[in-house]
Amino acid sequence: VQLQASGGGLVQPGGSLRLSCAASGRTFSNSVMGWFRQVPGKEREFVAGISWNGRNTYYVDSVKGRFTISRDNAKNTVYLQMNSVKPEDTALYYCVAADAVMVVITKPDYWGQGTLVTVSS
């Protein structure tokens, strides 16, 4: 499976950004999708996950109420809407996929390349 993330960039604190991830090479609609992020010198951190049908979503506490994960199975794309961003959201964001929720949250099977988000004034 191939995951292509995009949408990263420079955003001011309090601003918004939407990340996208296009998937190919497997049945997207059957996959649990998610996002991880990594700050240099730190371990990768689970950010958000979404079930195959979009009905269930999961978030790390630090982004709850600010970030929203969604998916469009017709377009084989998953999104991460980032609102009220903070400097501590600065990281390389990775799109991930797996067959089960707990796998997506802990150790995803598939990773895309990262897209850099920088929150700074």
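Quick note: numbers below take in every heavy atom, side chains included, and nothing from hydrogens, waters or symmetry partners.
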Exercise: identify the closest heavy-atom pair between A91 and R37: CB-CB, 3.8 Å
4.5 Å side-chain heavy-atom contact, L80 and Y93: yes
Worked verdict on C95 versus M33 for side chain to side chain contact (heavy atoms under 4.5 Å, CB included): CA-CA 8 Å; C95 177; M33 303 297 297; 3.9 Å; yes
Aromatic plane relationship, W111 with Y94 - under 30° parallel, 30 to 60° tilted, over 60° perpendicular: perpendicular
Face-on cation placement of R44 at F36 ring, 6.0 Å and 45° thresholds: no
I69 and W35, any side-chain heavy atoms less than 4.5 Å apart: yes
Worked verdict on V78 versus S70 for side chain to side chain contact (heavy atoms under 4.5 Å, CB included): CA-CA 6 Å; V78 63; S70 61; over 6 Å; no
Stepwise side chain to side chain contact (heavy atoms under 4.5 Å, CB included) test for Q81 and L17: CA-CA 6 Å; Q81 179 66 43; L17 201 64; over 6 Å; no
From CA spacing to verdict: side chain to side chain contact (heavy atoms under 4.5 Å, CB included), T106, F46: CA-CA 7 Å; T106 58; F46 168 77; over 6 Å; no
Co-membership, hydrophobic cluster, residues Y79 and L3, 4.5 Å side-chain: no
CD/Q2: more than 12 non-hydrogen atoms of other groups inside 6.0 Å: no
Flag side-chain contact, heavy atom, 4.5 Å: Y110 against V96: no
Minimum heavy-atom distance between A97 and V104, given as atom pair plus value: C-CG2, 4.0 Å
Shortest non-hydrogen contact from A98 toward P108: CB-CA, 4.5 Å
E43 (side chain) donor-acceptor with Q38 (main chain) under 3.5 angstrom: no
K86/D89 salt bridge by N-O under 4.0 Å criterion: no
Sidechain-backbone polar pair: T118 side chain, L10 backbone, donor-acceptor under 3.5 Å: no
Face-on cation placement of R71 at W52 ring, 6.0 Å and 45° thresholds: no
OG-CG distance between S51 and N56, expressed to the nearest 0.5 angstrom: 4.5 Å
Contact summary for D72 and F28, nearest pair of heavy atoms: O-CE2, 4.0 Å
Within-4.5 Å side-chain heavy-atom neighbours: T90 and V39: no
Within-4.5 Å side-chain heavy-atom neighbours: T57 and Y59: yes
Side-chain heavy atoms of M82 within contact of L19, under 4.5 Å: yes
Test item: I50 and Y58 side chains (from C-beta on) under 4.5 Å apart, heavy atoms: no
T115 (side chain) donor-acceptor with G8 (main chain) under 3.5 angstrom: yes
Value rounded to 0.5 Å, distance of CD in Q113 from SG in C21: 8.0 Å
ILVMFWY cluster, V117 and L92 together (side-chain gap under 4.5 Å): no
Side chains of D99 and V32 in contact at under 4.5 Å (non-hydrogen atoms): no
Polar side-chain atom of T77 near backbone of K75 as donor-acceptor pair, under 3.5 Å: yes
Contact summary for R66 and S84, nearest pair of heavy atoms: NH1-O, 3.0 Å
